[in-house]
Trainee: 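Shown below is the structure under consideration.
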2 protein chains.
Amino acid sequence: MLTSTATAVQDPFSPDTLALLDRAAAFCTARTSRLTETRRLVLGLILQSSKPVGAYDILDHLRQYQRNAAPPTVYRAIDFLLSQGLIHRIERMSAFIGCAHRLECHHGHGCGHRAQFLICSGCGAVSEVEDSEITHAIADAARKIGFKPHQSTVEIEGLCAACQQG
Amino acid sequence: MLTSTATAVQDPFSPDTLALLDRAAAFCTARTSRLTETRRLVLGLILQSSKPVGAYDILDHLRQYQRNAAPPTVYRAIDFLLSQGLIHRIERMSAFIGCAHRLECHHGHGCGHRAQFLICSGCGAVSEVEDSEITHAIADAARKIGFKPHQSTVEIEGLCAACQQG
DNA sequence: TCTCAGTCGTTATAATATAACTAAAGGCGA
DNA sequence: TCGCCTTTAGTTATATTATAACGACTGAGA
């Protein structure tokens with residue numbers, strides 16, 4: 001058994017997060033994309049947070065594990081994770097959250113990417129929903145004016161159930 | 001009649017823009033808010049553009065008329081115009097466009113603020129719609145999970161009718 | 001083994017936005 | 001009109017978010 005001198009910092013994640021990271025690794029393997037160590041750390045840091053996290057917050061935490069991490073380190077990982085649909089960017093906050101549907105649902109990995117986000121101005125938490133009424137309404141509205149939609153951002157700011165009690 | 005030495009730059013706006021600025025001035029007067037000269041210039045510069053404009057683009061142009069304009073000059077004007085609903089921020093672009101409904105419709109000034117934006121990745125143009133299906137779908141989805149919505153951002157990226165021809 | 005695509009380290013800088021403090025201008029009641 | 005107070009604007013500095021550019025390393029396949 002190794003003792004602690006010069007030992008690298010332990011993997012910092014909770015069992016829940018570790019389980020999600022395992023799913024993410026499997027997901028990437030299936031797509032022949034590579035969840036490298038840096039990418040895995042960044043994803044873990046995002047998943048670990050109950051709120052969206054900014055790139056420089058991620059960087060601060062990442063530096064506990066990789067002393068020479070720099071902004072491009074984080075942004076490259078973020079770009080990868082976005083491209084795989086493993087995280088989402090919340091535009092209003094310039095921050096990132098894990099994708100609930102990629103990693104948490106048990107219905108397989110094929111779910112669409114038509115997510116909407118509910119941002120609580122009380123506690124800062126963001127929940128992701130996939131509401132087909134919204135999705136269809138958007139598609140219809142676009143079609144009506146001859147616009148061919150490719151991707152949409154829906155961010156709803158307000159008060160979550162818990163914060164309405166306070 | 002004054003001749004041109006040291007004359008201030010002429011008001012730079014097209015007749016269309018000037019008409020909109022007149023409406024905006026009336027709108028502000030009615031609300032007892034003040035469309036000051038700087039705010040009017042910034043609004044004019046935004047309205048004049050067919051695409052969303054960034055704060056520093058505005059600043060560059062503004063400096064033709066106010067040599068000592070600085071970032072806060074522009075951001076203060078933007079904050080005011082946003083607060084009056086005279087412009088919108090396009091989150092995905094960190095840029096601003098005039099509010100079509102405040103200034104262009106002839107149905108009075110009371111229209112709601114539940115706008116959605118269609119962003120063309122071909123030409124960069126953004127059009128604003130107010131689609132009640134989308135608005136209702138969002139309200140319903142929020143209610144379903146006990147979330148009290150306050151404001152929402154809907155930005156749909158894709159190809160406009162014209163750019164689909166190309 | 002060679003090569004190529006992909007990934008990462010590193011430095012510098014671009015682009016967007018705000019803090020903080022001072023001064024001027026405008027509205028308003030006495 | 002005067003003085004007071006609120007709003008607006010000038011100015012400097014800095015915070016925050018994001019990308020450019022270039023070289024080195026790595027791992028997979030020809």
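To find a chain, count down the sequence lines: A is the first, B the second, and so on, and within it residues start at 1.
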Trainee: Roughly how many Å is it from CG in A:Leu81 to P in C:dT7, rounded to a whole number?
Mentor: 12 Å
Trainee: Output the rounded distance in Å from CD (B:Gln84) to P (D:dT7).
Mentor: 13 Å
Trainee: Once each nucleotide of nucleotides 15-30 of chain D is scored for protein heavy atoms under 4.0 Å, what B/S/- sequence comes out, 5' to 3'?
Mentor: --BBBBBB--------
Trainee: Could you tabulate the donor-acceptor pairs under 3.5 Å formed by side-chain atoms of residues 139-149 of chain B, not counting sequence neighbours?
Mentor:
unit_1: B:Asp140; atom_1: OD1; unit_2: B:Arg143; atom_2: NH2; d: 3.1
unit_1: B:Lys144; atom_1: NZ; unit_2: A:Asp131; atom_2: OD2; d: 3.2

Trainee: Within the structure, does a side-chain N or O atom of B:Thr38 lie under 4.0 Å from either OP1 or OP2 of D:dT8?
Mentor: no
Trainee: Mind checking whether B:Thr38 and B:Thr73 have side chains closer than 4.5 Å, heavy atoms only?
Mentor: yes
Trainee: What is the separation between atom CZ on B:Arg67 and atom P on D:dT11, rounded to the nearest whole Å?
Mentor: 11 Å
Trainee: By the definition side-chain contact (heavy atoms from CB on, under 4.5 Å), identify the one residue from B:His88, B:Glu130, B:Arg114 that meets it with B:His101.
Mentor: B:Glu130
Trainee: Once you round it to whole Å, what is the distance between P of D:dA9 and CD of B:Gln66?
Mentor: 9 Å
Trainee: Find the distance B:Leu62:CG to D:dA9:P and express it as a whole number of Å.
Mentor: 11 Å
Trainee: Does B:Gly44 offer a backbone N or O that forms a donor-acceptor pair with the side chain of B:Thr17 under 3.5 Å?
Mentor: no
Trainee: To the nearest angstrom, how far is B:Leu35 atom CG from C:dG26 atom P?
Mentor: 14 Å
Trainee: If I take atom CG in residue B:Leu59 and atom P in nucleotide C:dA14, what distance separates them, rounded to the nearest angstrom?
Mentor: 16 Å
Trainee: Could you tell me whether A:Arg39 contacts a base, only the sugar-phosphate backbone, or nothing, with contacts defined as non-hydrogen atoms closer than 4.0 Å?
Mentor: sugar-phosphate
Trainee: Quick one: does B:Val126's side chain get under 4.5 Å of B:Met93's, heavy atoms only?
Mentor: yes
Trainee: For residues A:Phe117 and A:Thr153, determine if any side-chain heavy atom of one lies less than 4.5 Å from a side-chain heavy atom of the other.
Mentor: no
Trainee: Rounded to the nearest angstrom, tell me the gap between atom CG in B:Asn68 and atom C1' in C:dA23.
Mentor: 13 Å
